[in-house]
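This report concerns only the one structure given below.
Given the structure is predicted, the values throughout are model-derived calculations rather than measurements.
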Amino acid sequence: MLSFESDYLEGVHPKILEHLVHTNLEKLSGYGDDEYSELAKEKIKRACHCPSSDIYFLVNGTQTNQIVIDGILEQYEGVIAADTGHISVHEAGSIEYAGHKVLEVPQIAGKIKAEVLLECLQTFFADVNREHMVYPGMVYISYPTEYGTLYTKKELEAIYGICKDYGLPLYIDGARLGYGLMSAQADLTLPELAKCCDVFYIGGTKVGALCGEAVVFTHKNAPKHFKTMIKQHGGLLAKGRLLGIQFDTLFTDNLYFEISRHAIEMAELLKGVFREKGYELYVDSPTNQQFVILENEKMEQLRQHVGFSYWGRWDENHTVVRFATSWATRKDDVLRLRELL
């Protein structure tokens with residue numbers, strides 16, 4: 001059975017596993033105060049060119065989004081996001097559960113356009129009844145988006161400029177950040193992305209780690225007592241070493257970027273296979289998620305041999321499905337899929 005359902009099907013990169021085993025019997029401080037967490041933070045700061053940043057390690061993406069957003073917003077504020085954004089669709093209402101409304105705006109190919117964001121803010125602040133409404137308190141985007149698409153540097157700078165004009169923090173969800181940065185279509189580097197936001201996170205769970213996300217407040221601008229907030233949300237891992245060791249490994253010898261590049265190479269091979277076989281792509285994604293339109297009958301036949309994700313109904317006879325590659329995808333698996341198609 002081939003599996004392309006997601007990019008976190010495998011366990012952990014062997015180098016991380018080796019590092020965890022090698023350090024297993026060391027007695028280290030808890031809650032992220034260990035030497036490996038500190039080493040990881042310094043390596044991330046250098047990679048981001050953010051020497052004065054605040055960095056925290058959390059366990060997974062939903063937890064990270066909820067804690068960061070709740071930590072930044074006032075109780076009367078909400079977060080602006082694309083109507084296809086992860087916090088809007090795929091996190092079981094976790095942001096609303098924490099007491100903050102997701103203020104959805106229309107998207108194009110998964111992205112918020114600067115002019116749409118500006119119109120949303122202008123409309124809100126022109127409303128004389130806004131005291132009776134949820135205030136926009138920050139803006140959320142993801143890189144890559146839910147559709148595997150990428151913001152250009154110009155697009156990101158335009159969004160960040162509007163955020164600064166209105167005094168709103170810009171938060172970038174980087175669950176698949178490595179896969180975005182290593183795409184051939186990316187015109188952003190990690191330091192450039194860090195300059196265009198107030199906080200972002202570097203996804204580990206989907207990019208080689210067993211679990212873990214590294215939150216980076218780019219201007220030493222973490223909310224006051226943020227570590228205490230993490231604890232209140234149940235997100236402070238006692239054995240914080242498990243996260244620190246993983247990111248220490250990922251940011252040694254460019255491992256994070258090398259394994260991300262491999263996923264992109266496999267995705268391009270996969271895309272080529274679909275095109276060769278005459279399948280229509282739902283969106284031309286330059287990253288590790290590929291969206292394909294399948295006839296329903298073919299989809300059911302393929303499902304007997306291949307794992308993939310349902311994405312949405314196209315019409316009564318066709319369905320959009322997602323195939324994802326990862327740091328561990330094998331070329332042989334893509335070629336086997338080619339035979340099945």
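By the rule that hydrophobic residues join a cluster once side-chain heavy atoms approach within less than 4.5 Å of another member, Val79 and Phe217 end up as members of one cluster. Linking Ile, Leu, Val, Met, Phe, Trp and Tyr whenever their side-chain heavy atoms come within less than 4.5 Å leaves Leu243 and Tyr56 in two separate clusters. Residues Ile172 and Phe226 do not share a hydrophobic cluster, defined by chaining ILVMFWY side chains whose heavy atoms lie under 4.5 Å apart. Note on Ile202: it clusters hydrophobically with Leu210, by side-chain heavy-atom contacts below 4.5 Å among ILVMFWY residues. Side-chain heavy atoms closer than 4.5 Å link hydrophobic residues (I, L, V, M, F, W, Y) into clusters, and following such links, possibly through other members, connects Leu340 to Leu281.
Partners of Phe57 by ring-ring contact (aromatic ring centres under 6.0 Å, His included), not counting sequence neighbours, listed by chain and number: Phe247.
Contact check on Arg330 versus Asp333 returns a salt bridge, with a Lys/Arg side-chain nitrogen under 4.0 Å from an Asp/Glu carboxylate oxygen. The pair Asp284-Lys271 counts as a salt bridge, with a side-chain nitrogen and a carboxylate oxygen less than 4.0 angstrom apart. A salt bridge links Glu276 and Arg338; the closest N-O separation between the charged side-chain nitrogens and carboxylate oxygens is under 4.0 Å. With salt bridges taken as basic N to acidic carboxylate O contacts below 4.0 Å, one links Lys41 and Glu38. Ion pairing between Lys113 and Glu155 holds under the 4.0 Å rule for side-chain N and carboxylate O. We find that Lys45 and Glu42 are joined by a salt bridge, their nearest charged nitrogen and carboxylate oxygen being less than 4.0 Å apart.
Side-chain atoms of Glu280 and His318 form no donor-acceptor pair, as typed in the model, at a separation below 3.5 Å. Side-chain contact check for Glu192 and Thr189: at least one donor-acceptor pair (N or O, by modelled atom type) lies under 3.5 Å. Side-chain contact, Asp187 with Thr152: no donor N or O sits under 3.5 Å from an acceptor N or O.
Ring centers of Trp311 and Phe291: under 6.0 Å apart, within the cut-off.
Although no hydrogens or angles enter the test, the distance criterion places no donor-acceptor pair under 3.5 Å between the side chain of Tyr147 and the main chain of Lys111. In this structure, Ser53 contributes its side chain and His219 its backbone to no donor-acceptor pair below 3.5 Å. Between the Gln66 side chain and the Ser94 main chain, a donor and an acceptor come within less than 3.5 Å of each other. Between the side chain of His233 and the main chain of Met229, a donor-acceptor pair closer than 3.5 Å is present. Of the possible polar contacts, one joining the Thr329 side chain to the Ser326 backbone as a donor-acceptor pair under 3.5 Å is found. With hydrogens and angles disregarded, no donor-acceptor distance shorter than 3.5 Å links the side chain of Tyr31 to the backbone of Lys227.
Exactly one of Lys15, Lys43, His13, His19 qualifies for a side chain to side chain donor-acceptor pair (under 3.5 Å) with Thr249. That residue is His19. Between Tyr166 and the options Phe125, Tyr135, Phe124, Tyr160, a ring pair (Phe, Tyr, Trp, His ring centres under 6.0 Å) holds for only Phe125.
Scanning all heavy atoms of the two residues, the minimum distance from Ala175 to Tyr201 falls at CB-OH, 3.3 Å. Counting all heavy atoms, side chain and backbone alike, Ser88 lies closest to Ala81 at OG-CB, 3.8 Å. Closest of all the heavy-atom pairs between Met1 and Arg303 is CE-O, 3.6 Å. Closest approach of His86 to Tyr140, counting heavy atoms only: CB-OH, 3.4 Å. Contact record, Gly208 with Ile259: CA-CD1, 3.9 Å, taken as the closest heavy-atom pair. Minimum interatomic distance between Phe308 and Glu5 (heavy atoms only, all atoms of both residues): N-CG, 3.6 Å.
For Glu26, the CD atom is densely surrounded, since the number of other residues' heavy atoms within 6.0 Å is greater than 12. Under a cut-off of 6.0 angstrom, the local environment of NZ in Lys277 is crowded, with over 12 non-hydrogen atoms contributed by other residues, nucleotides or ligands.
To the nearest 0.5 Å, the span separating NZ on Lys206 from CG on Asn60 amounts to 8.5 Å.
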Legend entry - Evaluation steps, ring-ring contact (aromatic ring centres under 6.0 Å, His included), between Tyr143 and Phe200: CA-CA 10 Å; Tyr143 186 93; Phe200 70 99; over 10 Å; no

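Between Phe251 and Phe257, the ring-plane angle classifies as perpendicular under the 30° and 60° cut-offs.
Sorted by first then second residue, the salt bridge (charged side-chain N to carboxylate O under 4.0 Å, His left out) pairs that include residues 166-184, not counting sequence neighbours, are Asp7-Arg176.
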